[in-house]
Number of protein chains: 2
Amino acid sequence: MARPRTFDEDRALDAAMRVFWANGYEGTSTQNLCDATGLGRSSIYNTFASKYDLFSRALARYMETMTARQAAILEDTGRPAAERLRELFAVIVADEMTTRQGGHSLGCLTVNTTVELAAHDPGIARMLERDTARRLSLLREVVAAGRREGAFTSPRDPDDLARYLNALIAGLRISAQGGAGRAALEAITEIALDALTR
Amino acid sequence: MARPRTFDEDRALDAAMRVFWANGYEGTSTQNLCDATGLGRSSIYNTFASKYDLFSRALARYMETMTARQAAILEDTGRPAAERLRELFAVIVADEMTTRQGGHSLGCLTVNTTVELAAHDPGIARMLERDTARRLSLLREVVAAGRREGAFTSPRDPDDLARYLNALIAGLRISAQGGAGRAALEAITEIALDALTR
DNA sequence: CCGATTCTGTACCGATCCATCCAAAACCTG
DNA sequence: CAGGTTTTGGATGGATCGGTACAGAATCGG
């Protein structure tokens, strides 16, 4: 029929995602994307409509994989809720430690994009809001489960507790980007749980 | 001697700061800076060495004013520590609600810059680290005072509690940038205090 | 009111921005 | 192996990027 592609679209998307993650949307040039993906400009623009479209799809991919990972941990109803939440924190801290570049982590593409684009781009903002809603739902469920198990004794509204945890996770990412080390991050997560078990 | 300036340098710096705050470093063009300050390119480059230098000074100004405001609240030893901390949260939430543009706040220039530049620019990173150290010190002091007063019963290390509060404040900003409303932000701050009083 | 000095507006610089065009290359079907 | 179709690389597009050059305007000391 026709000449086939010599590259894998998902691999290209992954490479693009990492560049956007490290440099932000404005901070990434189309040349950067060519270098990172190994593709020519033509191949990129033939596959993705624009830099914006490529970013949008990279962000969607990131959110899907990240939130799915978190869902797998938080929805593992075979384990106590408190243990699931601790595991989530441990994974997040581990991620922050492994995406380090010269003393500072890259943080989280979702958080980074919220900072850079949420106020300027309604389309991106809606994507972020959907992802946040999903994570809030996961967190609310694990909080409710922990309460049923008697582990989380806080009388606060589970919705608010979920928002609290979500905010704290974002703050954890910012702290890591600011240079906080593993011990500091772990201490933060320990204290964060105190609010649930008080 | 010579022709005097027709503009106030501090006012120009303020205008530049707001543009960087709203659009980030990469997202702000020199033309944007001319428009916002009302200055011509010559005046800007005659007063500031470069876009980078202008940003650096705008950031320094932001950090100085913001942290000074927070210090004034946290170091007001005439009031109970818990009250001071609540007041800090109230001011932060109020700020986030007033810098809104179309449902999303602009967040905090310090946090935004941490996301955009900390991993790439050692000079900016050091500025941010100094500011963070100063705020951590303020928070540690208020935590220690609250403990002496018997209000904060958490047995955790005051250093860690300060880091926890700092992370939570950043998360509060991110939540606001993501579209969280006043009620949600206030609930988060209430729960955050639970970790200190457990 | 003149000379020295500084500020300011405009034009301009090379580099880079995102995106497109087009011809050559590569593949599948018949 | 020929025709049709898609991909690919390289050249190229106008626009904008950060920054500079330069001439004229504005002010002060004398």
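Proteins get letters first, then strands, A, B, ... in listed order; numbering begins at 1 in each. Everything quoted here is computed from the prediction, not taken from an experiment.
B:Arg41 contributes a side-chain N or O that forms a donor-acceptor pair with the base of D:dG19 under 3.5 Å. You won't find any donor-acceptor pair under 3.5 Å spanning the side chain of A:Arg3 and the base of D:dT6, going by distance alone.
The listed nucleotides are C:dC17, D:dT8, C:dA19; the one nearest the side chain of A:Lys51 is C:dA19. Minimum atom distance to the side chain of A:Ser42 is reached by D:dG9, of the listed D:dT5, C:dC18, D:dG9.
The pair A:Arg182-A:Glu96 does not count as a salt bridge, with every side-chain nitrogen at least 4.0 angstrom from each carboxylate oxygen. Salt-bridge formation is not detected for the pair B:Asp10/B:Arg57: no Lys NZ or Arg NE/NH1/NH2 atom is positioned less than 4.0 Å from an Asp or Glu carboxylate oxygen. A salt bridge between A:Glu190 and A:Arg86 is present, with a side-chain N of the basic residue lying under 4.0 Å from a carboxylate O of the acidic one.
As a whole-Å value, the separation of B:Asn23 CG from D:dC17 P is 12 Å. Distance A:Ile44 CD1 to D:dG9 C1': 13 Å, rounded to the nearest Å.
Distances shorter than 4.0 Å separate some side-chain N or O of A:Thr30 from OP1 or OP2 on C:dC18. Applying the 4.0 Å criterion to OP1 and OP2 of D:dG19, one finds that B:Tyr45 has a side-chain N or O inside that range. For the pair B:Arg5 and C:dC7, the criterion of a side-chain N or O lying under 4.0 Å from OP1 or OP2 is met. Contact check, A:Ser29 against C:dC17: a side-chain N or O comes under 4.0 Å of OP1 or OP2. Remark: B:Thr6 is in phosphate contact with C:dT8, judged by side-chain N or O atoms under 4.0 Å from OP1 or OP2. Applying the 4.0 Å criterion to OP1 and OP2 of D:dT8, one finds that A:Ser43 has a side-chain N or O inside that range.
Both cation-pi conditions hold for B:Lys51 and B:Tyr25: the charged atom is under 6.0 angstrom from the six-membered ring centre and inside a 45 degree cone around its axis.
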